[in-house]
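The model shown is predicted, which means the values in this text are computed figures rather than measured ones. In what follows, chains carry the letters A, B, and so on, assigned in the order in which the sequence lines appear, proteins first and then strands, with residues in each chain numbered from 1.
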Amino acid sequence: MDASYLDLLMAQQEEVAEAEGGGGGIWVVADLVDGGVAPVTLEAIGAARNLADSLGAYVYGVLLGDGVADLALALYQAGADGVRVADHPALASFAAETYLAVLADLFAAEQPEAVLFGATDMGQQLAARLAQRMGGGLIEHTVALSLDEATRALQASFPVYGGEYFEIAACPQARPQFLTVEPGAFAAPFIDPYRQGSPTMLDVTPLEPAVRRVGEADGFAPPPVPLNRARLIVAAGRQAGDFALVERLAAALGGQVAGDRGARDAGWIESGQVVDLRSATVAPDVYLAVGIRGDTFHNAAIEQARFILAIHPDPQAPIFEVADLGLEADPQQVLPLLLQALE
Amino acid sequence: MRVIVVLGHVLDPRGIAVNRRAGRVFINRREYILQPADRCALEAALRIKDEMPAEVVVLPRSPLPDDDVLRQALATGADRAVYLAGDGLAAADDAAMARLLAAAVERLGGADLILTGATTLDTGQGQLGLRLAEALGWPHVADAWALKTSDDRLEVVRQEGAGYAVLEAALPVMVTVAPGALEPRYPDGARLINIYRGQGEVAAALETWDAADLVDADALQPLLERRGQEFPPERERGVRASGGLEEMARSAADALRRQVRV
Amino acid sequence: MDFHFSSEHVALRRMIREFAENEVEPLAAEIDREGRVPFETLKKLGQIGLMGVCFPQEYGGMGAGEMGYCILMEELGRVCTSTATNVGAHIGIGAMSIYLDGTEEQKRKYLTPLARGEKVGAFVLTEADAGSDAAAIRTRAVREGDSWIIDGTKTFNTNGSFAEIVTVLAVTDPTLGARGGITAFIVESDMPGFQVGTHENKMGIRGSSTAELIFEEVRVPQENVLGKVGEGFVSFMKTLDMGRLTLGAACLGGAQAALEWSVRWARTRCQFGAELAHKQEVQWMIANMATEVEALRSLVYRVAWMVDTAQPFTQLAAMCKMYGSEVASRAIDTALQIHGGLGFTRDFPIERAFRDARIAEIFEGTNEVQRIVIASNIFREHGVRIRP
């Protein structure tokens, strides 16, 4: 690559400009995973970008961590107009006091219209405390956003009873408006490789944490959840093929293993794990029927499940009539691919 | 040791039916139950009381239609409950409740530990406990699965990725308890009867305070406005994934991600 | 008139239903299959006060009255008839007899541990030759100084094999018969001469114990005479009135469960291209069932209210028992018909409920005896004393 070509390439880079002197804007506080920016943060920037364009506002990203300045580029490329970075060893892992102090100072100076967090462990904690500290409203687990142009308020939908339906709410009076954004709810934004910018570094004054991590909780196990209260069930049937794959899928999804009578007869599960009108009826958020044909006794027992995914080689299997999504396939072939796709 | 438990009510989901086509929620039975996560918080408090001398005081997390859930908490073993009433309280949101509760905690003479549910069953919101911690200027631990207290310290187990970690904090501290963290106990029959009939010692444990004595009317102004409801599209059963094995696996993974939000 | 349950009763039902669904229902099939008494459940019921649900708190009870007791029996009957039977025999006749006729001292000594659930009670009357004709009992009690010596054999004793405090009826004066010749005694199971005989192998309520009790020169002190000497039969009739009401409540629970199963099945089961719910014959079955369940519910709770407000209720209690047992049997039979072959399998609770329901038409006074009680009350109002 010769120098002239590099110059040409550099000339295409778009230096992003931000508003002079701050004021307003939609701000997204970044979550990090495995040394990178979490997908939920990029999704939040995408959502913020759409709103900001309607509002005529700028989008800002905030990065907190240790050695994270390089990640600013990912925020610019996802659509941020400006990025603030708080880079300090005290921020290497989540420390509520210091994180809150940095953000409160920043937002007190910048007066955002709205601040978005991922609805993650960290985002949920920061958003609630910051909202109270700054007198803002907060809507958690937002899955859809719209704009009330009269008040410039963000109208957010959030699931009720785990998604049976959605409430729409807004905090039209107070600023900033705080929101946490449910991971996966918003589309990943277009990544523009030509966008770039120069992030502003923030001062960090570490505070002594009041809560200290002692170590791993060895031997702790949460109380067992009975099958009829399980939120996610992976159930095997006669056509499941390889039961080990079913168990792996349950582990990957954090669900409980169950099955129909066929799975019990095959010796894969105990009687207490049988899903059947004659044994246990269940009402999970998600029910995966792997190789279950699905007679009335079984299908009536999963009637209350909110989402049913069925995998069975026979297109005529009755389980497909009750399933929200059916895969006509041999579980033994499709499960490894599903496991891969989930990773 | 004084432990305050902040708890609330929720419509029993067994009594409601959501009709997506009509875009309506039908309430077949207007029966309220304790918020499940709050009930776990109460259980955590009562387990502390089982181990050491402690007073368990119950406060409402939201404006309540009546004092029923407070009576339930008293029947289950709480020592004292305060029902908050007053004009303008009915509209209070979590921000307003946090201010009101902070004033109530102060009026109670403070506490060593405040527990509440990490999330509500209906709206899935977890902000109240954290807002209250902020209003009081206390540290917090969110989503606790287990608690252990000594006179001045607290050990909390919380989820950390796929495993669990132990955290330690000096008292006072606010802890939100994960739903399902602890198997809650049943109320005691005789206490239940007495608290509903207003007889015996436990009857005196339920007080009513006027919100106006705790904060001024401005503090109760809500920030949150309800703007309506949305219903997911009607459930379409019998949909088949198309394409070859890999494509099917991808659509299944996408669907699962949407449902589980992995 | 007010047909609302008070907030106290709503809260109590919530507590009991949660207990029944979490602790009782999961064991129902197992205790039926193994024919074992769920002692762990009885212990837990005692810990939260339910083994003394209707007795005053000064005797270790919960103080929820007859309304509370009926709520308990309905909710237990809804999930497990065996457990309802164990609890009914303990509270409704065992402890109840001491509550109704005991002296202050007897209540302190015997009712209190029963109400707290620390001990289990039973009431034993039936003998091989005395069932419906209760006055024909042959167990004798003979006075000897400050004591009574009881001799005889009682059959079909619910809870008899493990009850620690047993109220027993014995003849104290054979010349007087039911009027003045029968006396009730409180016997402790560790008194010498008290023995447990054969256990019955029953068709239903197999999670309850029904055993023969043998009294072989059991020496009982004078202070254990329950009520007045010679008035045991009257005591027993009073106790049984209460038991009949609450048996009706347990039957209400059984019928309610049958209705719930039927509705669920009719919603999901497809035949000839439509769910059973769309078949008129099934609609009629369910409409009839629901109507009978509601009629029974009104009767049961009205009588409970009459007991709590100290009104006479003998005739209505007999109706509760008679009508309740028949409504339950009918509802479960209909539910079985709606479920078809599924209902006939042992894996589904209808088969158990079907076997369990039958006894309710027999014990605590057969339905024929109930009809005699009801008819004799009706005719008495018109000046006719019916002849036995």
task = Tell me the residues of residues 258-281 of chain A whose non-hydrogen atoms fall below 4.5 Å from those of chain C, in number order.
result =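 Under the 4.5 Å heavy-atom cut-off, A:Arg261, A:Leu277, A:Arg278, A:Thr281 qualify.
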Steps toward ring-ring contact (aromatic ring centres under 6.0 Å, His included) verdict (A:His298, A:Tyr287) = CA-CA 12 Å; A:His298 172 268; A:Tyr287 186 84; 5.6 Å; yes
Ring centre gap for [X] and [Y] strictly below 6.0 Å:
| X | Y | answer |
| --- | --- | --- |
| C:Phe348 | C:Trp265 | no |
| C:Phe3 | C:Tyr301 | no |
| C:His199 | C:Phe162 | no |

inquiry  = Taking atom CZ as the centre, does C:Arg355 end up with more than 12 heavy-atom neighbours from other residues, nucleotides or ligands that are less than 6.0 angstrom away?
reply    =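 More than 12 heavy atoms, drawn from other residues, nucleotides or ligands, come within 6.0 Å of this atom.
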query = Is it the side chain or the backbone of A:Glu321 that comes within 4.5 Å of chain C heavy atoms, both, or neither?
reply =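 Contact with chain C involves no heavy atom of A:Glu321 at all.
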message = Do the side chains of C:Arg78 and C:Glu25 get close enough for a salt bridge, i.e. N-O under 4.0 angstrom?
response =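 Not counted as a salt bridge, because no side-chain N and carboxylate O are separated by less than 4.0 Å.
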inquiry  = Any salt bridge linking C:Arg269 with C:Glu275? Criterion: basic side-chain nitrogen under 4.0 Å from a carboxylate oxygen.
reply    =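 Looking at C:Glu275 together with C:Arg269, the answer is no, because their closest N to O distance does not fall below 4.0 Å.
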ask   = Given that the side chain runs from C-beta out, which part of C:Arg346 has a heavy atom under 4.5 Å from chain A: side chain, backbone, both or neither?
value =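 Neither the backbone nor the side chain of C:Arg346 comes within 4.5 Å of chain A.
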